[in-house]
Amino acid sequence: MCGIIGYVGDRPALPILIEGLKRMEYRGYDSAGVALLEDGRMKVVKRAGKIRELELKLSGMSLSGTVGIGHTRWATHGEPNETNAHPHWDCGGEIAVIHNGIIENYVSLKEELVKKGHSLRTETDTEILAHLIEEFYEGDLEQAVRYALQEVEGTYGIAVLCRKEPDRILAARMGSPLIVGRGKGENFVASDAAAVIGHTRNVTYLDDGEMVTITRGEAIHKTLANERIPKKVEEIGFDIEQIEKGGYSHFMLKEIFEQPRTVADAMRGRLLEEEGIARLGGVRDYIQRLSQARKIFITACGTSWHAGLIGEYMLEEYARIPVEVEYASEFRYRNPVIRDNTFVIAISQSGETIDTLAAVREGKRKGATTLGICNVVGSTIARETDGGVYIHAGPEIGVASTKAFTAQVTALALLTMALARQAEMGSSTGRFIINALKSLPSQVEKVLRTDDQILEIASEFKDMKNFLYLGRGYNFPVALEGALKLKEISYIHAEGYPAAEMKHGPIALIDENMPVVFIATQDGTYDKVMSNIEEVRARRGRVIAIANEGDVEIRKKAEHVIYIPKTLNLLMPILAVIPLQLLAYHIAVLKELDVDQPRNLAKSVTVE
Ligand code: G6P
């Protein structure tokens, strides 16, 4: 959600800002803008639409200032037009602000500012920040920002530029991520490590309630109460190639095809084959207690929530621990019962989703031990939880999550194994699961070879208006995830259901215009799912089936069968989801839609 970049150094800032914005465009892409200090003046250039629109507008201008800020927006307050695009500035045009988050009391602040004579030009909540800072400014930007933020309720990651203090950028954080990129004779502030990796690998992180002043030579971190905070410089853990398309037409396709490696990376160094156990350093101190947990809440949003559902099935089946999976946005507000030895496990690719973070904080407040299953190293959820497991999928840029999902499920399988071995599961079952895990990367590769067949199916079904996805057991969350992928990027209405539930409603929708995707692998419910397929066919529904290799029977029933290798039921989602990712991808491409940046969505949702 909204990308923020700021630069102070000796090089022209504009190309650095634009490059940073492009690397963060997946965070928000409805409008963009920059503010630069140039010959003692503040220049602000904004444009509705994508960064390339902004670039076009900038192409005729020669801006050589070496201090500037840039923003790519995901609109909350006010239409995504040029006026509402950031940066916003004060009455005097002296102070420019970019912001990620929501100022919740902006209406009352706005009224007060208007009474004091400020004239506001936009419909945004952000603009009031520029005027508030102006109100408090008496020659000390840092102090003015601090005072202004004391008036504010809500969430923010902000960067502020002031014409009168042209050597610095002020940034502050409450709820929306910010990092400082530490260069030589130059410094950066950004909402995302991807924006600075082209210039430096050294970063410091802001925590909530902190601010930073960056100049060419320094980055001074303080609390909002004006106390200096020492910060450890950390290293970004990925390379620039990992955030480039590497010859693929879209990030999403690249990320789908990376899965043989990312599934392997999620388990690398974590399998103890002899003992038939998984070793997870980040939760080592909690494993014993977790294996005897009274209850585990898994909380997450979107695709990560689907991974959580699979985790529930795994943990209950093998580790015999009661698990409840809950949307983070519900968990945080509904007063869940947390007694002693209750754990909250938050699953989040970005580690920044605000609802998931709030659920972690609520869990903590109620006395739960919190664990994170995150992808982004150093992200807020990873830092705020008591322990956790990194999934090591590398940067995921496509807005629709793919490789993170399969890596999350892999990590959950490892956690399950670690816990089950503490309890009743013997080493031979552990070894059995390890063998199945080790086969996964090559099996994923095999599934990816169905790509051509899936492209054909996509061409045949791309104009359909609705899809139903059905599965049972471990494949039910896969059905949900398949439907979500299709909705997100192809804008086709799709629903996922437990296959047997079809009879309780969705069956009324079935006719020749309702393709039904069955995940019909050979587990304990296979025969029942076959009956469900018959029920669909009897109503002229068109069936696409994901089935296990060797299943010839299903050919007689389904119009299309996509074969995937056999594995253990708990690992099947990792293989079964891939054809569904590819199906959504190809349909979206055939419909000429923007696969990597689908409308209205954002990769990391840092507002409620
Ligand atoms: C957004 C993204 C989804 C993602 C969800 C949760 O909605 O578009 O792809 O699944 O957030 O994100 P997280 O980073 O917490 O996994």
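Every number for a ligand or one of its atoms is a count from 1 in the order of the listing. Excluded from the calculations below are hydrogen atoms, water molecules and symmetry mates; all remaining heavy atoms, backbone and side chain alike, are included.
With respect to the salt-bridge test (charged N to carboxylate O, under 4.0 angstrom), the residues Glu235 and Arg201 qualify. The existence of a salt bridge linking Lys403 and Asp265 is excluded, since no basic side-chain nitrogen approaches an acidic carboxylate oxygen closer than 4.0 Å. The existence of a salt bridge linking Asp355 and Arg332 is confirmed by a sub-4.0 Å separation between a basic side-chain nitrogen and an acidic carboxylate oxygen. A salt bridge does not link Glu25 with Lys603: none of the charged nitrogens is closer than 4.0 Å to a carboxylate oxygen. With respect to Glu384 and Lys364, no salt bridge is recorded, no charged nitrogen being found less than 4.0 Å from a carboxylate O.
Summary of contacts: the protein heavy atom closest to atom 16 (O) of ligand 1 is Ser304 OG, 2.6 Å. When hydrogens are left out, the protein atom nearest atom 5 (C) of ligand 1 is Cys301 O, 4.0 Å; that is the closest non-hydrogen contact. Looking from atom 4 (C) of ligand 1 to the surrounding protein, the closest heavy atom is Thr303 N, 4.2 Å. Summary of contacts: the protein heavy atom closest to atom 11 (O) of ligand 1 is Lys603 O, 4.0 Å. The nearest protein atom to atom 3 (C) of ligand 1, hydrogens excluded, is given as Glu488 OE2, 4.1 Å; this is a heavy-atom distance. Considering only non-hydrogen protein atoms, atom 12 (O) of ligand 1 sits nearest to Thr353 OG1, 3.3 Å.
Between Ala400 and ligand 1, a contact under 3.5 Å exists for no N or O pair. Taking any N or O of Gln408, backbone or side chain, none lies under 3.5 Å from an N or O belonging to ligand 1. At least one N or O atom of Ser350 sits closer than 3.5 Å to an N or O atom of ligand 1. For a threshold of 3.5 Å applied to N or O pairs, the pair formed by Val399 and ligand 1 contains at least one separation below that value.
Proximity of Glu352 to ligand 1, defined as any heavy-atom pair under 4.0 Å, is not found for any part of the residue. Residue contacts with ligand 1 for Val605 involve side-chain atoms from C-beta outward but no N, CA, C or O (heavy atoms, distance under 4.0 Å). Contact annotation for Ala602 and ligand 1: only backbone heavy atoms (N, CA, C, O) come within less than 4.0 Å of the ligand.
The closest side-chain donor-acceptor pair between Gln259 and Thr406 falls under 3.5 angstrom. Side-chain contact of Asp451 with His586: a donor-acceptor pair under 3.5 Å is present, judged by distance alone. In the model, Thr299 has no side-chain atom that pairs as donor or acceptor with a side-chain atom of Glu326 under 3.5 Å.
Interface of Ser401 with ligand 1, defined as ligand atoms under 4.0 Å from a residue heavy atom, comprises 9 (O). Of all atoms in ligand 1, numbered sequentially from 1 with element shown, those under 4.0 Å from a heavy atom of Ser348 are 13 (P), 14 (O), 15 (O), 16 (O). Using a 4.0 Å cut-off to heavy atoms of Gln349, the atoms of ligand 1 that qualify are 13 (P), 14 (O), 15 (O), 16 (O).
A donor-acceptor pair under 3.5 Å is absent between the side-chain atoms of Thr410 and the main chain of Ala266, judged by distance alone.
Remark: Lys295 fails to qualify as a cation-pi partner of Phe343 under the 6.0 Å distance and 45° angle criteria applied to the six-membered ring.
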